[in-house]
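Quick notes on the structure that follows.
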Amino acid sequence: MSVQAATSRLAAPLPGWLPAVLLLIGTALAGSVAGPLARPAFVLGCGAVGWWAWRKSPADHLITALLLFSFAPFVRRLVDVSAGYDAAGIMLIGPLLALLAPLPRLVVLLETDRPLDQKLVPVLMVGGAVVYAALLSVLQADWFNAASGALKWGVPLLYAAVLTVTAERDAMLRAASGAFLVILPLTGLYGIYQYVAPPAWDQYWMSFAPIMSAGEPVPFGVRVFSTLNGPASFATFTAAGLLLVLFLRKGPLPLLLAAPAALGLLLSLYRTAWLSLAVGVLFCLLFAASRRRALLILIALVIALVIATMLPPFSEVIAERIATLGDGAGDGSAQERLEQFVILWSQWDSSLFGTGFTVTDVGSAGAMAIDGQIVACWLMMGIVGGLVCLTGFLWAIGNAVAAAIRDASAGAVVLGALACGALVQMPLASISSGELGVLFWTFAALAVARPDTSPRLSR
């Protein structure tokens with residue numbers, strides 16, 4: 001390489017997502033020294049790197065957001081093990097703060113004289129239901145849950161509103177699939193290690209966290225959550241990442257890089273994400289642009305599943321979990337979800353008006369778990385508000401599927417597949433708040449965003 005070429009490379013602008021990587025690494029290394037001060041510093045740092053990435057490009061900002069949501073919980077656990085457990089999880093606010101960087105752009109768009117974009121109707125419907133639930137919590141003087149719920153449900157909606165009217169679909173999909181091409185092998189390998197020999201920071205977090213579905217903090221007893229904030233978050237992110245990487249990246253390398261993540265997904269024992277991934281692949285079989293790739297992926301997934309069920313020390317736990325898919329009558333988890341509907345309907349007002357974001361910790365004695373988007377909307381927003389909220393979600397999913405049918409390009413089909421996967425999840429898991437809300441609304445927004453003409457997105 002010539003001196004001139006080397007100089008021009010050094011002078012090239014830094015990628016917009018690089019500060020996020022430096023922030024994560026820096027906080028992980030300095031957390032034990034800085035102690036509790038690392039928490040507010042990290043949150044402010046997330047806001048700064050989000051602002052920097054948005055100034056570079058929406059694609060850089062999306063990469064930054066995916067990196068922060070994938071690794072911030074891991075950094076939080078490293079800080080907690082030295083500074084003490086933080087029940088409020090302050091550091092998890094950081095990635096949401098990074099998503100607010102495009103907010104000034106949204107304000108400018110709202111101040112124009114242009115008519116309201118019809119593609120924003122689902123976002124507005126869910127947003128109205130979120131405001132209603134927050135007001136219910138305020139009326140009960142529960143300011144913390146009102147603010148927390150509005151933040152976790154509302155920020156993904158604001159981000160989706162900006163992407164809907166400004167983003168270029170294919171450029172953003174290249175960015176997302178590129179980000180997951182790095183995220184998947186890292187989270188997958190760490191998840192396998194976590195299952196075999198859970199590190200001290202993960203054991204510490206599991207002993208304090210109210211989450212009831214992470215298993216036991218012992219070797220071969222963990223339900224893998226890798227670097228994320230629980231098995232559901234890890235599995236849902238992994239399933240979405242696998243669809244993006246396997247369908248939008250050419251060659252055998254994506255298959256190799258995705259292999260550890262696929263095993264980690266199985267070790268999460270989170271069947272909802274398994275079903276979501278399966279439905280997404282089957283959806284891609286319906287379209288010429290993705291049919292051949294879908295067949296190859298389906299064969300690869302079946303082979304991986306067979307190997308996993310025969311490979312000690314993973315085989316027994318995975319095989320047992322797969323067996324429960326065909327045992328609805330004996331599935332305690334499924335029965336608990338059905339009982340939640342009965343409990344809500346048997347209340348004196350059938351939860352007509354909702355309770356707002358004021359909910360009881362599931363770790364408390366007698367507290368009802370909230371599993372599924374339908375139950376969450378019904379409990380928090382009541383029958384009417386919940387129906388409005390659910391209609392907004394279904395409308396967004398329908399828009400993505402319709403866009404896939406209309407366009408039939410690889411990018412549109414994958415976004416339709418992600419939407420169908422979310423539809424499967426709705427009765428079983430929440431897809432509306434925090435990192436899961438970001439995942440759903442980001443790709444729902446890209447499904448109706450304008451495509452670009454770049455040929456680089458594989459078909």
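What you see is a predicted model, and the numbers here were worked out from it, not measured in a lab.
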All N/O donor-acceptor pairs, side-chain side in residues 301-316, below 3.5 Å, sequence neighbours left out:
unit_1 : atom_1 : unit_2 : atom_2 : d
T309   : OG1    : L305   : O      : 3.1
T309   : OG1    : V306   : O      : 2.8

Given 3.5 Å as the limit, does a donor-acceptor pair link the side chain of T442 with the main chain of V438, or not?
yes
Pair R450 + D170, salt bridge at N-O below 4.0 Å:
no
Measure the CZ-SG distance between F283 and C420 for me, rounded to the nearest 0.5 Å.
4.5 Å
Does the pair L62 and W17 meet the rule for a side chain to side chain contact (heavy atoms under 4.5 Å, CB included), with working shown?
CA-CA 9 Å; L62 178 57; W17 46 263; over 6 Å; no
Heavy-atom distance under 4.5 Å between the side chains of L282 and L285, does that happen here?
yes
Where do S432 and Q373 land on the side chain to side chain donor-acceptor pair (under 3.5 Å) test, with the steps shown first?
CA-CA 7 Å; S432 56; Q373 192 61 49; 3.2 Å; yes
Using a 4.5 Å cut-off on heavy atoms from C-beta on, say whether the side chain of L68 contacts that of V49.
yes
Tell me if the centroids of the rings in F234 and Y270 come within less than 6.0 Å of each other.
no
ring-ring contact (aromatic ring centres under 6.0 Å, His included): pairs with one or both residues in residues 399-428, sequence neighbours excluded:
none
Ring pair (Phe, Tyr, Trp, His ring centres under 6.0 Å) filter on F220, not counting sequence neighbours, yields Y195
Scan the side chains in residues 150-158 for donor-acceptor partners under 3.5 Å anywhere in the protein, sequence neighbours excluded, and list what turns up.
none

Within a strict 4.5 Å, meaning less than it, do heavy atoms of the P198 and P217 side chains meet?
no
Indicate the atoms forming the closest heavy-atom contact of L243 with G280, along with that distance.
CD2-C, 4.1 Å
What pairs with D80 under salt bridge (Lys or Arg N to Asp or Glu O under 4.0 Å), at least two apart in sequence or on another chain?
R39, R76
Please examine the side chains of F71 and T187, heavy atoms only from C-beta on, and report whether any two atoms are closer than 4.5 Å.
yes
Checking S177 side chain against R174 main chain: does a donor-acceptor pair fall under 3.5 Å?
yes
Can you tell me how far CD1 of I431 sits from CG of L439, rounded to the nearest 0.5 angstrom?
9.5 Å
Distance check, rounded to the nearest 0.5 Å: L257 atom CG versus L184 atom CG?
8.5 Å
Between R77 and W205, is there a donor-acceptor pair closer than 3.5 Å when you use the side chain of the first and the backbone of the second?
no
Find out whether V388 and M381 are in side-chain contact, i.e. whether some heavy atom of one side chain is under 4.5 Å from a heavy atom of the other.
no
Does S290 use its side chain to pair, donor to acceptor, with the backbone of C284 at less than 3.5 Å?
yes
Spacing of L436 atom CG and F69 atom CZ [to the nearest 0.5 Å]
10.0 Å
Locate the shortest heavy-atom distance separating L66 from A179; write the atom from each residue and the value.
CD1-CB, 4.0 Å
Donor on one side chain, acceptor on other, S276 and Q425, under 3.5 Å
yes
When you measure from the side chain of R291 to the backbone of L286, do you find a donor-acceptor pair of N or O atoms at a distance under 3.5 Å?
yes
Locate the shortest heavy-atom distance separating F443 from L418; write the atom from each residue and the value.
CG-CD1, 3.8 Å
Check the pair S57, M172 against side chain to side chain contact (heavy atoms under 4.5 Å, CB included), reporting the backbone distance first and the verdict last.
CA-CA 10 Å; S57 72; M172 298 292 278; over 6 Å; no
Sequence-distant partners of F393, ring pair (Phe, Tyr, Trp, His ring centres under 6.0 Å), two or more places apart:
F440, W441
Is the shortest side-chain heavy-atom distance between W378 and L390 below 4.5 Å?
no
Criterion side chain to side chain contact (heavy atoms under 4.5 Å, CB included) on F237 and T227, from CA distance to verdict
CA-CA 11 Å; F237 260 67; T227 61; over 6 Å; no
Minimal heavy-atom distance between S233 and L228, with the atoms involved, is O-CD2, 3.8 Å
So, using salt bridge (Lys or Arg N to Asp or Glu O under 4.0 Å) as the criterion, who are the partners of R223 when residues are at least two apart?
none
Quick check: does any side chain N or O of R293 sit under 3.5 Å from a backbone N or O of L246, one acting as donor and the other as acceptor?
yes
Does the side chain to side chain contact (heavy atoms under 4.5 Å, CB included) test come out yes or no for L423 and L394, once each step is laid out?
CA-CA 8 Å; L423 180 62; L394 294 175; 3.6 Å; yes
Partners passing ring pair (Phe, Tyr, Trp, His ring centres under 6.0 Å) against Y132 (at least two apart in sequence or in another chain)
none
So does G221 get a backbone contact from the side chain of E216, meaning a donor-acceptor N/O pair under 3.5 Å?
no
If you measure from CE on M91 to CG on L78, what distance do you get to the nearest 0.5 Å?
8.5 Å
With sequence neighbours left out, write down each residue that passes ring pair (Phe, Tyr, Trp, His ring centres under 6.0 Å) with Y159, or none if nothing qualifies.
H61
Atom pair CG (L415) and CG (L248), whose distance is rounded to the nearest 0.5 Å:
8.0 Å
In short, salt bridge (charged side-chain N to carboxylate O under 4.0 Å, His left out) pairs touching residues 425-448 with sequence neighbours left out are none
Between Q194 and V222 (side chain of the first, backbone of the second, donor and acceptor by atom type, cut-off under 3.5 Å), is there such a pair?
no
Does any non-hydrogen side-chain atom of R249 lie less than 4.5 Å from one of L244?
no
Using only atom types and a distance under 3.5 Å, with no angle test, would you say the side chain of S268 pairs donor to acceptor with the backbone of L265?
yes
Applied to residues 45-63, the salt bridge (charged side-chain N to carboxylate O under 4.0 Å, His left out) test, sequence neighbours excluded, yields none
Heavy-atom neighbours of W52 CH2 exceed 12 at 6.0 Å
no
Check the side chains of Y193 and D202 for a donor-acceptor pair under 3.5 angstrom, ignoring hydrogens and angles.
no
Which heavy-atom pair separates A129 from G385 by the least distance, and what is that distance?
CB-O, 3.9 Å
Work out which heavy atom in A160 is nearest to a heavy atom in A445; give both atom names and the distance.
O-CB, 3.4 Å
Distance-only donor-acceptor pairs under 3.5 Å for side chains of residues 92-107, two or more places apart:
none

Do V224 and I192 make a side-chain contact, defined as non-hydrogen atoms from C-beta onward lying under 4.5 Å apart?
no
